[in-house]
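Here's the structure, in structure tokens; my notes come after.
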Amino acid sequence: MRILDFVAGALGLPLFSLALGLLSALGLRFDVKETLTVTAGARLFWRRRLVFRDGPLAGFANRLGLAHTLDCLALMRGHLALVGPRPLPPLAAHAVASYRIALRPGLVSPFAVRQWAHIAYDSEEAVDFAYAGNRSWRGDLGILVRSLLARAHGSVRASSLDRVEIDGIPVDNLTLGDAVGRIVGFLDKPQHRVVSFVNADCINKAAHDEKYGSALRVSDLVLGDGVGVRLFSRLIGEPLRENVNGTDLFPRLCEALQGTSHSIYLLGGLPGVAGAVSTWIQSTYPRCRVAGFYDGYFSAEEEREVIRDIERSKPTLILVAFGAPRQEIWLRENLASTGAKVGIGVGGLFDFFSGRIPRAPMWMREAGLEWVYRLSREPKRLFWRYGPGNVEFLGRALWAAFRRQLERRRLVARNAH
Ligand code: UDP
């Protein structure tokens with residue numbers, strides 16, 4: 001790994017210097033900012049970064065990464081690594097655990113990649129700790145590639161809006177932690193509330209299916225799931241705070257419900273699947289109560305019996321896994337009759353937690369490629385969703401971005417008059 005860092009520094013230094021020289025000749029001006037930084041073994045070094053003065057070329061120079069020109073020297077000297085925990089000043093480094101002190105700080109940190117991919121649900125310390133235990137040069141190369149991919153579709157800036165409109169569907173701009181808090185809060189209120197997740201496929205479906213679109217619009221909470229929705233929000237200039245998907249939310253919700261008076265009913269999936277999820281909950285979160293479960297392949301005549309079974313079990317929360325749009329429409333029509341306070345449409349979630357279908361590995365999720373993994377597992381069923389479906393969704397996103405741009409221009413022109 002040390003060799004990789006040295007080579008990157010040795011190649012980067014002349015290239016960056018050349019670009020810097022050319023841009024300086026064109027008028028780019030900069031200062032050198034020095035910060036005392038801790039490296040492996042708690043040694044100190046002066047890190048020197050370039051800060052570009054305001055001007056037309058400053059943004060371009062930053063985008064090329066020229067601020068890191070002198071970091072190439074630090075890479076060659078072994079003070080910095082390409083990949084490693086975030087560089088810290090001495091005072092902050094005092095507070096961190098010893099495993100971190102043993103590592104050289106990195107230009108790209110594993111936690112920053114998750115931030116860019118909007119899936120930084122765990123603490124920075126937990127991510128660094130896991131990284132320290134599994135380091136390898138292949139892993140580092142993977143993190144570098146993922147950092148480039150995550151930067152391509154992600155954004156660190158988040159919109160300040162409470163709800164961001166994704167093709168006419170208002171999506172709540174929350175972090176995963178906020179969403180869990182909201183759902184738990186709903187459980188104690190007298191009203192019945194529906195929570196929906198939307199991904200790119202749901203947005204396409206809502207555009208063609210008015211009943212589904214209106215079910216989403218009246219949902220009490222709409223959570224943006226996946227790289228498509230994030231990309232859309234970014235293209236219209238209102239990036240969503242976090243990727244809030246059911247699979248990451250579910251265990252945190254079970255944890256939050258442990259030891260409370262609330263209980264969950266699991267409805268949906270193939271026969272045996274909801275039962276396996278119940279077993280998973282009981283073994284992982286023993287103090288989280290499961291009120292009952294039923295598969296998702298019942299007839300119209302059996303529906304009464306299913307609703308009666310839910311009523312009898314008296315859950316406060318019901319998870320419905322029929323897939324979109326059936327689950328959202330079902331919840332809108334039947335939640336009140338079941339007696340449950342909150343209903344969440346969770347799509348294929350039970351398939352993951354029952355172990356029927358494995359989830360994409362973390363590196364694919366960081367790279368925004370979970371959908372590629374799902375497509376590779378079930379190509380026949382998912383081809384239309386992820387092939388032509390993704391193209392359609394991208395078209396919608398670009399069209400919305402174009403309209404937004406026109407609107408902004410019109411506003412600017414009106415204000416100028
Ligand atoms: N399903 C169901 N009843 C049906 C059709 C589907 O319970 O009549 C279940 C199916 O077994 C699967 C889930 O609904 O567990 C839908 O999964 P999908 O991957 O389509 O959902 P996504 O998360 O992608 O929306």
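Being a predicted model, the structure only gives us computed values, none of them experimental. Starting from 1, each residue takes its place in the sequence as its number. Counting starts at 1 for both ligands and their atoms, in listed order.
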How far is [atom] from the closest protein heavy atom, and which atom is that?
atom	result
atom 7 (O) of ligand 1	Gly269 N, 2.8 Å
atom 24 (O) of ligand 1	Arg385 NH1, 2.5 Å
atom 25 (O) of ligand 1	Gly347 CA, 3.8 Å
atom 22 (P) of ligand 1	Gly348 N, 3.5 Å
atom 8 (O) of ligand 1	Arg326 NH1, 2.7 Å
atom 1 (N) of ligand 1	Tyr297 OH, 3.3 Å

Arg356 touching ligand 1 at heavy-atom level, < 4.0 angstrom
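It does not, in that no heavy atom of Arg356 comes within the 4.0 Å cut-off of ligand 1.
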Non-hydrogen atoms of Phe350 versus ligand 1: any pair closer than 4.0 Å?
no
Numbering as shown, the atoms of ligand 1 that approach [X] to under 4.0 Å (heavy-atom distance):
X	value
Leu270	11 (O)
Arg381	18 (P), 19 (O), 20 (O)
Asp351	12 (C), 15 (O)
Arg374	19 (O), 23 (O), 24 (O)
Gly268	7 (O)

Determine the sole option in Leu216, Ile344, Val222 for which the side-chain contact (heavy atoms from CB on, under 4.5 Å) test with Phe197 is passed.
Ile344
Answer yes when Glu305 and Arg312 have at least one side-chain N-carboxylate O distance shorter than 4.0 Å, and no when they do not.
yes
Thinking salt bridges, do Glu392 and Arg396 make one under a 4.0 Å N-O criterion?
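Arg396 and Glu392: salt-bridged.
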Considering both backbone and side-chain atoms of Asn199, is one of its nitrogen or oxygen atoms within less than 3.5 Å of a nitrogen or oxygen in ligand 1?
no
Closest to atom 9 (C) of ligand 1 (heavy atoms only, candidates Pro271, Gly296, Ala321) is Ala321
Using the ring of each side chain (for Trp, its six-membered ring), is Phe250 parallel, tilted or perpendicular to Phe353, with breaks at 30° and 60°?
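Rings of Phe250 and Phe353: perpendicular, over 60°.
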